[in-house]
Every structure is written in structure tokens, then in C-alpha cells.
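Counting from 1, the numbers follow the sequence of the chain as shown.
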Amino acid sequence: MTLRGRLTAAFLVVVLGPVLLGAFFVASTVTAVDRTRSTEQLAVAASTVRTSVDALCQQLRAAADAVALTGDPAVVAGQLVGRGLAAAVLISDVSGRVTYLSPGAPSTPWRDCAEPAAATSGPVRALAARVDRRDPAGTLLGSVAAAQLVDPAFVARLAAVSGVAVTLLDGGASAARFTHTTESREVRDGVLAAAGHSTGERVTETAKGRYVRRTGPSVGQPLPLVLSVPSSRPPGLHVTLAGVVVLAGLLAVLTAWRLARVTTRPLVELAGAVDRVAHGDLTARVPVRGRDELGRLAEAFNRMTRETGSYVAALTSSRDQLRGHLAVLGDTLASTHDLQRILRVILHSAIAATGARAGAVLLVEAGGVLVAQCSEGLDGRWPAADPDGPESLRVPVGVGVVGAVAATGEPQRGRVEPTETPTGEPRCRTYVAVPFAAPGTTTVAAGTPTVPGGTTGLAAGTPTAPGGTTGLTAGTTTAPGGTPTADEPGAPAVALGVLALYDRVGADEFDDDDLVTLRTFAGHAAVAVENVRVHEEAQRLSLTDPLTGLWNYRYLRESIRREVERASRFGRMLSVLALDLDRFKDVNDTYGHAAGDTVLAEFARRVRGEIREVDLAFRQGGEEFVLLLPETDARGAAIVAERLGAAVRETPIAVEAYPGPVVVTVSVGIAVYPDHGSTGREVLEAADDALYVAKAAGRDTYRVAVARPDVPRREIPVPTGAVSPPDGLPRAGRHGPVPREPGGHARSESAAGVPDANRSGPAHARPEPADGPADAARAGPDAARPGPGGGASSGPHPPRQSRGR
């Protein structure tokens, strides 16, 4: 304790001691007086109740004597009951047999006024007085009992006479249950509990300020009763006394603080200056108020701070030079597009510059979740039950330290208490976290969705570019309802990610200088992410058709080569569909090129709604389109072609500024690898040839290409009851009898069931329903796609709702 504290405490003890003793004396005196007064009131009430019950017993005994002395007891008993002198009369003979009982009498047994205190137990229904009935000769003829009903009205009369609350217990020995009471519900349980702990006629007090006393059963007063009265203490006595004590304490504290301040002022000034220096303020000085020991100590302190300030200035200059070198390093890193490498270099440099033991760089991905892109030194900082360790560093935006930084856009630093529960982040003692956003913008809360589906950093609807990298297109679309995203003028920016460091070496916590340094590295990370985003966006735009949003011819050449290689490697089939809108030139000539563009865009949308997630859609040029259907044989491709034709034919396309819709149809040519070609070019040419055959057949239909005559074929014997391949996919090069599942359904291994290409249109108009694995993927409404979105690989569009095939 400080000197000022000791002086203050001594003064408070001297002043507050008598105040506390006086308050205790007043409270004790008032409580004792209140208890004495309540005890006397309960004693008077008990005497009054005993007198009232005794008077009632004498009245009942007189009524019983009147019935016993008359010659016609039944008539007299009825008169007594009618006049209210008794509630009921019971007449019995010598053997105890009841010879007369008043109508409506209470249930027996009745509590006898003259019986001993503990003779009976149970609820008291009536109070009775019993006398013997004899003839003129004195021979015993039986007995007469007159009873008075014990009900809530009876208990209320006792309470009114005595002036206290009365409770009739259910039995004479226990206070656990009661029969009738005038107590309120708020205090009833407390009164019964206090009565259960009292013995004899001792007075007890409840928690709610009521005094309780038991009376009876006893001779002359057989009823087990509990009497209670409220406390007469002034309301708020203890609150008033506490307020007086608090007020006196405040005055005492103020006086003691003033005296201690005057006494210890020089020492307080010195302690404050030392504290400022400990927090980094080297300009702190202590006023020299004399030439005594404290004055010489102040001069020495001031000389020490001046010399320390010169050393810190030199260190600050060195650190600024280091920051300049880091800025040059950041410019160098910004010139590459390897995001993982850039983030690793930035993280390593930030850890080295701040002296941290561990760190991580997290980016905001789909669903508003921060995912660690690279980390260092996080091993051993995870619970033992976590098998993934740093690999599982995924923090929702708004949760934990890094989640709060991403949500608010404000950097944070501090200390983690050992008692705090981890929130999915690594264990640490100290931390510092800085958000970063796109260059030239201000980071704000990242919890607001900026793209459909609630994504905030990496647009979930962006297609995968060649090579498998995901485009970092944060805020490049418009949110539902027309809300502008971060790329639009006047819209707030969304946090791209967070740079977090843990446990600084050689210091308790990260300081403001570390925060400034970390902001520099976070800016480099933002530049790197933005450069990669711009690079991948440019790459995406170079591979897509701007009108329809489908992949363009350039990407078609690369994709068909890759898919043919994959099908060849795994022995699968690849179907290629060449699509051409029929008489599209008439649409342009009739409605104009703007209407033609509308038709092409709508046709592309319907195509995307009819293909799977793994299928690829391309615009080859003009009104010509190409579909690549991996793991699909000719039969499945025919089903797709039929449904594409129906999707275009059955719903005409509405064109703006024209009253009627535009009716268009599509012709489709189908070719399958390896049946119709051994390379992607050959299969594509075979599909084009089949398209020309479909055009010649009258349009609005499809045709399958003619199989190459040089394809080697051999018949593979299949035993009865053969089962599907383990992966359930059609195999290339297996032509022969169509195997049957155990249930008898046909399974298509190649183009089984597909009409020959030389047949006429009706044979191609409606293929037979398929039962095989590949056909089931085409035939079911949602079997071929993982969700309701349709073909996400068909172009740079967010997921869409579409009709099932």
C-alpha cells in the first residue's frame, strides 16, 4: 500500500469506526424493541383466541345438555341447529350406534373440546362438545354431541377477534400442512416454515419480517393454530442507516484524500513521472521544489530521462530506415502474382520486424469466414484434441479477435487472460491483429454481404480459371436488391483479410510502434491480393464471352484437349454437343441485332440451367455453341439434347420493345469420345457433321455422329446378374449386350439404346428412358447436379435455379 493509502486508511479507521458502531447500536435497539412489542401482541392474541374457543365450547356443551334433557331429542336438536346454536347434533345409544344425525352435518370424527391435546390428528372439520344422556332414573341411555363447523369463516372470525393472522394446521403435531389460513400467499410459506421450527409458545421471526407463535392444541383449546403479526420496524431502516454510513464514509474519504495529498504531493509527482517514462513518454520531468533529499532525487531523475531520450531517438532513426527497406521489399513483392509466396514472405518479415513468436495471414472467403492462407510458429498452440492444428484456423467474421478485427475494420492488440476460453484461434498470451482492404479504400465491417449468397471477400460465383486457381474478385458484383458493392463509387470497402501476430519476444505486449509496422505489412498484403485479383479477372475476361457469359472458343480448345486426355487416362466417355440456333439470321433481320443478342443471352441461360456442375458450355461464335459432357455416353447426351430442344422450343423468348415473343429452335449434333474420334478436334468435327445432318433432317432435332469404321470392337461376355462398375460410370470401348441389374433394369455402357445416326428424325425425337448409371444422371431432375444451381462451370455467373432434366 502506498504512503497516501496508509494515511487515508488510518484517517478512515478513526472517523468511520464510531459511525459504524453507532449505526449498529441503533439497528440492534430498534430490532429488540420491535420484537418485544410483537411478542406481547402475540401473547394477547393467543389469550383472546383461547377465550373465544372456550366460549364456543361452553355454548356447544349447553346445546348438548338441552338435547340430552328433553324427551324428544330429535325435535330439540333440529331447533338448536335451526337457531344457529350448533351446526349439527349427533345422538348415539349406549352401544355407540348413531340414532340421530342432523342433515348436512360435517364429516366425522369431530374434535372434542374436552379431549387431550394429542388425542387425535388430521384435519379439523368441526369442534364438538359431548354429554351423557340419561333417563329420569339415572340410567345411561347414550350420548349427545353438538358440533360447530370449523371452516374459513370460523378462522377469519378468530383473526378478526384477535387482530392477528390465524392459520389452522392440518393436525396437532406438524406445521407442514394447513387446513385454513388468513395469511397472504406471499408470506404463507415463510410463516409455516417458522412455525415448524418453533417449540411450545416461543416466538420466531420469518425472513419477510413477520413474528410467528403457535398455540394449541391444549385442554380447553383443541385447535392447532399459528398466529403471526407483521414487524413494526420503520420501513427502510437498514437502508437509511446504510446511507448515513456511506455519506459519512464519503466525507471521510474526501477529507483524508485532501490531507494525504498535501502530505505526499512530492512523492506522487515523482511516481507519476516514473510511470509516464515506463509507458514511453521520455519528456516527463519532475518539478524541483527544494534542495532536500526529494529535490536532489528529482534532479537525478530529470537528467536520466534526457539521456534516455537521446538513445531512443537514435533507435527510432534506425527503425525508420528498416521501414524504408521494408517498403522497397513490398514494392518488389507486389510485382509477382504468386499469392501464397507473397503472403509467406510478408508474414515472415512482419514476425522478424516485430519480434513475434508466431503469426498467420487470413483471407475472407465465401460465407464470411476467415481462412488461414499461411501461418508460422502455430504448432503446439492448439488443444490436444484438435487433430488439424494450424490447418483448422477458420474463424467466422465477428467471432474472436481476428473475426472482430475483420468485422469492425479496427486493429486490436492486447493480452489474453488464462481463464478465457479459446474461440477457434491459437493459444497465446499477447496478440496484435490488423485488417487490410483493397488499396485506396477504407476497411469497414465485413459482415455485410456484397455478393449473392452472403460472400464478402472471394466471390463464390466466380468460375475457376485455367490452372485451378480461384479468382479473388471481392466486391465485383451487385448484391440482391441493387445495393452497390465495394467496387462501385461511394460504396464502403470490405476487409480482404487480417494479419495477426502472437506473443512478442522479450516484452509483455505489442506496442503502438508494432501496430504501425504491422499496418505497413498489411498494406503490402492488400496490394498483393489486389494484384492477383486484377490478374485473374483479366485472365477470366480473356476466356469468356461478354454477351452470354459462357466460355469462349479459346478456352474451348484447351478444355476439349484436357477432357479428352482425362477420359483417355481413366477409360471414360466424353460427349460433345454442337448446338446451332435454327434460322437465327431471320431473327436478326426481323427484330434487329439487339433482339438477336437478347435471344443469345437467354439461350445461354437456359443451357446453363440444363447441365450439370461438371459440364462445360462454350459459345463457339455467332449462334453456334458447344457443350462438353464428361462421364456421359451417347444415350445420356441424347437425353440432354432432347431436353435442350424442349427448353428452347416450349418457351418462346420475350424481346423488349416487341409485343410478341420470338420462337426459336435449336439443332444439335452429338459425338462421343472415343467412338467418333481419338482427339478433341476429331470429336468436335464429328459433332459438327452430325449437326449438319440434323439441319438437313428438318432442324429442331438432334443427330448422333456415325461411328468410325476403324474403331476396334470386340464382344465382351457378361454373365447373368452382372453388377455395375464400382464407380457407376460408363466405360469407353465396351460394346456388347446391355448388362442387366439384379432388378432387371438395363445399364448403358456405351451408346446402347441410342438410334443409329442414319435413321430419320422420329427415331431421334424421343429416346427411350434410361436406367443405367450414366442415364440416371441425365434422367433425374436433380441427380446430375449437387444443388439447385445448375452448371456453375458453364460461365462466370452466380448459381441459378433451373428446371430439372
To the nearest 0.5 Å, tell me how far [X] [atom1] sits from [Y] [atom2].
X	Y	atom1	atom2	value
Gln41	Arg213	CD	CZ	12.0 Å
Arg285	Thr305	CZ	OG1	3.5 Å
Ser162	Leu42	OG	CG	9.5 Å
Arg415	Cys428	CZ	SG	10.0 Å
Thr39	Arg202	OG1	CZ	11.0 Å
Leu225	Leu158	CG	CG	6.5 Å

Minimum heavy-atom distance [X]-[Y], with the two atoms named:
X	Y	value
Leu60	Leu85	CD2-O, 3.9 Å
Ala165	Glu183	CB-OE2, 3.2 Å
Val286	Ala298	CG1-CB, 3.7 Å
Thr182	Ala156	CG2-CA, 4.0 Å
Leu227	Ala45	CD1-C, 3.9 Å
Leu168	Pro224	CD1-O, 3.5 Å

Just jot down the side chain to side chain contact (heavy atoms under 4.5 Å, CB included) partners of [X], sequence neighbours excluded, or say none.
X	result
Asp511	Arg504, Asp513, Asp514
Pro287	Glu269, Arg289
Ala300	Arg303

Kindly indicate whether the side chain of [X], heavy atoms from C-beta on, has any atom under 4.5 Å from the side chain of [Y].
X	Y	result
Asp54	Arg50	no
Leu370	Pro396	no
Val166	Val226	no
Phe510	Thr430	yes
Val144	Leu90	no
Pro222	Val53	yes

Exceeds 12 heavy-atom contacts within 6.0 angstrom, atom CZ of Arg429: no

Arg37 atom CZ, neighbour heavy-atom count above 12 within 6.0 Å: no

Verdict with reasoning, Tyr502 to Arg427, per side chain to side chain contact (heavy atoms under 4.5 Å, CB included): CA-CA 9 Å; Tyr502 305 99; Arg427 293 192 296 265; over 6 Å; no

N/O donor-acceptor pairs under 3.5 Å from side chains in residues 124-134, not counting sequence neighbours:
| from | atom 1 | to | atom 2 | distance (Å) |
| --- | --- | --- | --- | --- |
| Arg134 | NH1 | Gly138 | O | 3.2 |

Chi angles and distances behind the side chain to side chain contact (heavy atoms under 4.5 Å, CB included) call for Asp275, His279: CA-CA 6 Å; Asp275 187 67; His279 286 80; 3.4 Å; yes

Test log, rule side chain to side chain contact (heavy atoms under 4.5 Å, CB included), inputs Leu192 and Leu169: CA-CA 9 Å; Leu192 293 178; Leu169 299 179; 4.0 Å; yes

N-O pairing of Arg357 and Asp503 below 4.0 Å: no

What pairs of donor and acceptor atoms, side-chain ones from residues 146-155 against any protein atom, are under 3.5 angstrom apart with sequence neighbours left out?
| from | atom 1 | to | atom 2 | distance (Å) |
| --- | --- | --- | --- | --- |
| Asp151 | OD1 | Ala153 | N | 3.4 |
| Asp151 | OD1 | Phe154 | N | 2.8 |

Side chains of Thr181 and Thr167, donor plus acceptor under 3.5 Å: yes

Residues Asp72 and Thr70: side-chain donor-acceptor under 3.5 angstrom: no

Donor-acceptor contact present, side-chain Thr206 to main-chain Val191, <3.5 Å: no

Side-chain donor/acceptor of Thr408 to backbone N/O of Ala404, under 3.5 Å: yes

Contacts of Cys113 that satisfy disulfide bond (SG atoms under 2.5 Å apart) - sequence neighbours left out: Cys57

CA sep, side-chain torsions, deciding dist, call: Asn302, Val288, side chain to side chain contact (heavy atoms under 4.5 Å, CB included): CA-CA 10 Å; Asn302 294 337; Val288 180; 4.3 Å; yes

